Amino acid sequence: MKFVDEFRDAHLISNAAQQIRSLADPARIYRIMEICGGHTHAIFRFGLADLLPPNIDLIHGPGCPVCVLPMGRIDQGLEMARDPDVIFAAYGDMMRVPGSAGSPLESKARGADIRMVYSPLDALKLARQNPSKRVLFFAIGFETTTPATALTILRAREERLTNFLVFSNHILVNPAIDALLHMPDMKIDAFIGPGHVSTVIGCEPYTFISRDHGRPVVVSGFEPADVMQSIVMILRQMRDGQARVENQYARAVPWHGNPAARAAIDLVFEPRNAFDWRGLGAIPSSGLKLREEFAAFDAEVQLSAPHRTVPDPKAARCGDVLKGAIKPHQCPLFGNACTPERPVGALMVSSEGACAAQHNYAHLSVSAAPCPK
Amino acid sequence: MSPRTNDQHDGCALCRDEATRATILSVAGRDARVVDRLGRQFSVPLDLVPDAAIGDDVLVAMGVAIARANRPTRPGADQ
């Protein structure tokens, strides 16, 4: 398949693996975090960790918006959906995500009008088709998905629709990275930067990571050759004592991102003072809410549902996994109390979460292997 | 309604930071008819990629074109 096969070429990937082995100093450990769940998925799906020397430790980051969404937000959205005049629309990936009183799918089974959509524009269509109902779109995701929500709200305003509402759970990548970098026992040496988020925000916003924290960042594509090449680029920087932002994924990511998409986001949304992340706690300026001029579309303004805080389970050590302090299987709940079928901790919720990915793809082999110290 | 995914249909599109590459076939107003790598056709708004034209590749996330995509000449040429 064009633009896919050439980035899965075994010879190319073997060459990158050889370069990595040459560049890696056997006397040290390299802890490289891939921020994005897409990279985590590629690393496990294609077995890339098996191609790396043992002193390269890939740490799977918080770039999985379903995983880090606090249960209280799901509870609040489903509380809004209990109104018989409300149609609750959400992406299919949200349907099985558990709140403290069950998932959207379980709410549907109990009688709530829950619809699965592929795009916020599908939710807008539902609003047009159901003028006597209020359609509530459960918006979630990083800067890749926020432009679609912003554009949909702008179209709703153009059409003067009065029955379309958005419950915003949009979050931002960089405040989470900043929070990780300020954690005292953080052990990350370098970052594989998110690919499609960067098509919107560009590469420049990551410079604080290299400039202020001395960590290299390489924005990467999602195919196996992309990820391996990004590791080569990181190791070259570290060998040369450098820390800068590089763009491996230039076929999709312009250095300055997409100004039109950012303008749409900025027009509709503004940062919240703080937003809770499962596993990481409250992070300042990390979530987006609708601006006051779009209050007519803001579910948190138009629908009354109490804000709920559901604390993370104390025994789950999601935060330590995210910081690289422990590997997923070192959490006492991994694979017994906490499984993909019945997740307790945030990182087991979606298949891109660090714990779910390890459980699904590498449970036995990784659990049996010693952890880098 | 746009297809939710490209060739990687397992897992969570949200967490995978997914965007699908598609080529613009025609433009009508602010919307374009596009075709993805699997030959599926669907419509997407072009509001956020206003300079995209017929024949260009775009990345589609959640039913909206969010970026223009260059065509790579060869793996490794991205650096």
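Reminder, nothing fancy here: chain letters follow the sequence lines and each chain counts from 1. As the structure is a prediction and not an experimental result, all values here were calculated from the model.
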Chain A contact via B/L59 - which portion, at a heavy-atom distance below 4.5 Å: side chain

Closest non-hydrogen atom pair, B/R30 against A/E158: NH2-OE1, 2.9 Å

Among A/T40, A/T149, A/L151, residue most engaged with chain B (heavy-atom pairs, under 4.5 Å): A/L151

Chain A-proximal positions within residues 46-54 of chain B [heavy-atom distance under 4.5 Å]: B/D47, B/L48, B/V49, B/P50

With A/R244 via side chain to side chain donor-acceptor pair (under 3.5 Å) - residues at least two apart: A/Q242, A/E246

Chain B contact via A/L154 - side chain, backbone, both or neither, heavy atoms under 4.5 Å: neither

Distance in Å, A/H196 NE2 paired with B/T20 OG1, rounded so as to fall on 0.5 Å steps: 8.5 Å

With A/F138 via ring pair (Phe, Tyr, Trp, His ring centres under 6.0 Å) - residues at least two apart: A/F88, A/F167

Which atoms of A/F142 approach chain B - backbone, side chain, both or neither, heavy atom under 4.5 Å: neither

Pick from A/T199, A/V253, A/V68, A/V218 with the largest number of heavy-atom pairs that fall under 4.5 Å of chain B: A/T199

Donor-acceptor contact below 3.5 Å, side chain A/S119 vs main chain B/M62: yes

Over 12 non-hydrogen atoms of neighbours within 6.0 angstrom of CZ in A/R96: no

Pairwise side-chain contact, B/P45 with A/L121, heavy-atom cut-off 4.5 Å (strictly under): yes

Segment of A/V197 engaging chain B (4.5 angstrom heavy-atom cut-off): both

Qualifying side chain to side chain donor-acceptor pair (under 3.5 Å) pairs with a residue from residues 255-267 of chain A, counting only residues at least two apart or across chains: none

Part of B/R68 within contact of chain A (heavy atom distance under 4.5 Å): backbone

